[in-house]
Amino acid sequence: MKELEILSLFSGIGAFEKALYNIGIDYKLIGFSEIDKYAVKSYCAIHGVDEKLNLGDITKIEIQKLPRFIDVITHGSPCQDFSIAGKQTGGDVGTNTRSSLMWNTVEIVKWCLPKYVIWENVRNILSKKHIHNL
């Protein structure tokens, strides 16, 4: 079986990748995107990868330099603006909320054309107020 090619966005410490590892799925990390310096250090230590694989700030990724037709994109984009614990400002395009950063993932998906996209977010994204973002 061929290794899955994974692109991880809003990576944190790489929980998606760790889950794949834990269930015995081989994967090749194409790159990851994380801005928190402590999360980057932790990600690299946990997964045994070089910091050079970090694409950094998702708003600054040169999308056309990413590979086409990868297998999986994972992302856990910011949820604060969807969460019932937050101000409910949402994630509409052009609002510049933290949650609107998910649209950067959409542009990357359009370019990379992955077979699968795994998105982790809060339950309230499915609420009447925010469902249009799906």
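How far CD1 of I30 is from CD1 of I70: 6.5 Å, rounded to the nearest 0.5 Å. In this structure, the separation between CG on L101 and CG on N96 is 8.5 Å, given to the nearest 0.5 Å. Atoms CG and NZ, on N104 and K60 in that order, are 11.5 Å from each other to the nearest 0.5 Å. Here the straight-line distance linking atom CG of L29 with atom CD1 of I6 works out to 8.0 Å at 0.5 Å rounding. Taking CD from E3 and CD1 from I25, the interatomic distance works out to 12.0 Å, rounded to the nearest 0.5 Å. A distance of 8.0 Å separates OG1 of T89 from NZ of K129, quoted to the nearest 0.5 Å.
Only one option out of I58, L7, T74 pairs with T105 in a side chain to side chain contact (heavy atoms under 4.5 Å, CB included); it is I58.
Formation of a donor-acceptor pair under 3.5 Å by the E62 side chain with backbone atoms of Q64 is not found in this model. Under a 3.5 Å cut-off, the side chain of E34 and the backbone N or O of G12 do form a donor-acceptor pair.
Residues meeting the side-chain contact (heavy atoms from CB on, under 4.5 Å) test with E120, sequence neighbours left out: F16. With sequence neighbours excluded, the residues that form a side-chain contact (heavy atoms from CB on, under 4.5 Å) with I131 are L126, L134. Residues meeting the salt bridge (charged side-chain N to carboxylate O under 4.0 Å, His left out) test with K87, sequence neighbours left out: none. The side-chain hydrogen bond (donor to acceptor under 3.5 Å, both in side chains) check on K128 picks up nothing, with sequence neighbours excluded. Applying the side-chain contact (heavy atoms from CB on, under 4.5 Å) test to I35 and every residue at least two apart in sequence or in another chain returns D57. Under the rule for a ring pair (Phe, Tyr, Trp, His ring centres under 6.0 Å), the partners of W119 that lie at least two apart in sequence or sit in another chain are H75. The side-chain hydrogen bond (donor to acceptor under 3.5 Å, both in side chains) search around K115 returns D71, not counting sequence neighbours. Contacts of S100 classified as side-chain contact (heavy atoms from CB on, under 4.5 Å), with partners at least two apart in sequence or in another chain: T95, T97, W103. The side-chain hydrogen bond (donor to acceptor under 3.5 Å, both in side chains) test applied to S42 returns no partner, not counting sequence neighbours. Residues passing the ring pair (Phe, Tyr, Trp, His ring centres under 6.0 Å) test with Y43 are F32, H47, sequence neighbours excluded. Under the side-chain hydrogen bond (donor to acceptor under 3.5 Å, both in side chains) criterion, K52 pairs with no residue, sequence neighbours left out.
Shortest non-hydrogen contact noted between V109 and P114 is O-CD, 3.5 Å. Between Y27 and L20 the shortest heavy-atom distance is CD2-CB, 4.1 Å. Shortest non-hydrogen contact noted between I61 and S33 is CD1-OG, 3.9 Å.
Residues near Y38 contribute nothing to a hydrophobic cluster around it, because no ILVMFWY side-chain heavy atom sits closer than 4.5 Å to its side chain.
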Criterion side-chain contact (heavy atoms from CB on, under 4.5 Å) on L66 and L55, from CA distance to verdict: CA-CA 10 Å; L66 295 172; L55 303 170; 3.9 Å; yes

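For the pair E17 and S8, the minimum side-chain heavy-atom distance is below 4.5 Å.
In the hydrophobic clustering of this structure, I73 does not group with M102; members are Ile, Leu, Val, Met, Phe, Trp, Tyr whose side-chain heavy atoms approach within less than 4.5 Å, directly or through other members. In the hydrophobic clustering of ILVMFWY residues, with side-chain heavy atoms under 4.5 Å counting as a link, V40 and V49 come out together. One hydrophobic cluster, built from ILVMFWY side chains closer than 4.5 Å, holds both V72 and I23.
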